[in-house]
Colleague: 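Before anything else, here's the structure in question.
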Amino acid sequence: MTADPFQQRVIACIKRIPKGKVATYGLIAAMAGNPRSARQVVRALHSSSAKEGLPWQRVVNAKGQVSLPAGSGLEEQTALLKAEGVTFDRGGRIDLGTYLWGGSKK
DNA sequence: AACCTGACTTCGG
DNA sequence: TCCGAAGCCAGGT
């Protein structure tokens with residue numbers, strides 16, 4: 001297992017995402033200390049989502065959409081977010097201006 | 001050790 | 001607003 005503080009940071013940040021809000025990979029990466037490692041956020045998520053029970057469904061890309069391919073849990077993810085009060089527009093996009101987590105609890 | 005892939009981001013047209 | 005190309009970083013093969 002990795003002892004990278006970055007990964008630990010990512011996990012911690014995701015755990016802090018409030019309900020009804022979403023965060024982008026880049027935002028998390030920046031909070032974790034590496035704004036260029038958005039991809040690694042993804043990896044950290046994959047590495048510990050199930051293990052840490054992280055709300056990976058609240059993590060979306062910069063476009064405000066869920067990047068998961070349909071059939072891999074996308075339907076579940078969107079359903080969960082909707083249940084939390086997040087609304088999706090016609091294209092399955094989230095209104096980042098309203099639901100993007102500010103990360104003020106840094 | 002080298003190459004390839006990836007739940008991304010940002011810029012330009 | 002949408003599409004395409006380039007850049008970055010780490011893990012897997």
Side-chain angles (χ1 to χ4, degrees):
Chain A
M1 18 191 251
T2 61
D4 297 311
F6 175 71
Q7 304 248 331
Q8 303 301 323
R9 284 277 194 167
V10 173
I11 306 303
C13 287
I14 295 169
K15 282 184 172 178
R16 289 176 186 185
I17 300 175
K19 189 178 181 189
K21 287 278 187 174
V22 296
T24 67
Y25 294 99
L27 179 60
I28 295 169
M31 286 192 290
N34 282 357
R36 256 93 183 218
S37 302
R39 292 192 119 113
Q40 273 35 317
V41 173
V42 172
R43 236 167 250 281
L45 227 54
H46 269 274
S47 298
S48 312
S49 60
K51 192 159 60 171
E52 301 287 335
L54 301 175
W56 56 271
Q57 57 272 27
R58 291 181 189 153
V59 185
V60 299
N61 61 21
K63 303 177 198 89
Q65 311 187 268
V66 178
S67 304
L68 263 69
S72 295
L74 174 62
E75 309 266 327
E76 266 180 67
Q77 179 171 12
T78 51
L80 285 167
L81 291 173
K82 285 180 183 176
E84 294 186 351
V86 178
T87 60
F88 291 77
D89 75 356
R90 174 161 69 86
R93 292 179 287 203
I94 298 170
D95 182 352
L96 295 179
T98 301
Y99 298 104
L100 179 60
W101 177 44
S104 41
K105 296 291 167 128
K106 188 180 46 160

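Quick note on labels: first sequence line is chain A, next is B, and so on, each numbered from 1.
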Colleague: Between A:D4 (CG) and C:dC9 (C1'), how many Å, whole number?
Modeller: 11 Å

Colleague: Does a distance-only test, which skips hydrogens and angles, find a donor-acceptor pair under 3.5 Å between the side chain of A:R36 and the base of C:dC8?
Modeller: no

Colleague: Looking at A:D4 and A:F6, would you say the former's side chain and the latter's main chain have a donor-acceptor pair under 3.5 Å?
Modeller: no

Colleague: Taking A:R9 for its side chain and A:G33 for its backbone only, find out whether a donor-acceptor pair lies under 3.5 Å.
Modeller: no

Colleague: Starting from C1' on C:dC8, measure out to CG on A:N61 and report it in whole angstrom.
Modeller: 17 Å

Colleague: To the nearest angstrom, how far is A:Q40 atom CD from B:dA7 atom P?
Modeller: 12 Å

Colleague: Establish, with yes or no, whether the OP1 or OP2 oxygen of C:dC2 is under 4.0 angstrom from a side-chain nitrogen or oxygen of A:R93.
Modeller: yes

Colleague: In whole angstrom, what separates A:L96's CG from B:dT10's P?
Modeller: 12 Å

Colleague: For the pair A:N34 (side chain) and A:R36 (backbone), establish whether a donor and an acceptor sit closer than 3.5 Å, ignoring hydrogens and angles.
Modeller: no

Colleague: Quick one: CZ on A:R58 to CD on A:E84, what's the gap to the nearest 0.5 Å?
Modeller: 4.0 Å

Colleague: From CD of A:Q65 over to P of C:dC3, roughly how many Å is that when rounded to an integer?
Modeller: 10 Å

Colleague: If I take atom CG in residue A:L27 and atom C1' in nucleotide B:dA7, what distance separates them, rounded to the nearest angstrom?
Modeller: 16 Å

Colleague: How many whole angstroms separate atom CZ of A:R39 from atom C1' of C:dG11?
Modeller: 12 Å

Colleague: State whether A:S67 places a side-chain N or O below 4.0 Å from either non-bridging phosphate oxygen (OP1 or OP2) of B:dC8.
Modeller: yes

Colleague: Looking only at side-chain atoms of A:R43, point me to the closest of C:dA10, C:dC9, B:dA7.
Modeller: C:dA10

Colleague: Round to a whole Å and report the spacing from CZ of A:F6 to C1' of C:dC8.
Modeller: 11 Å

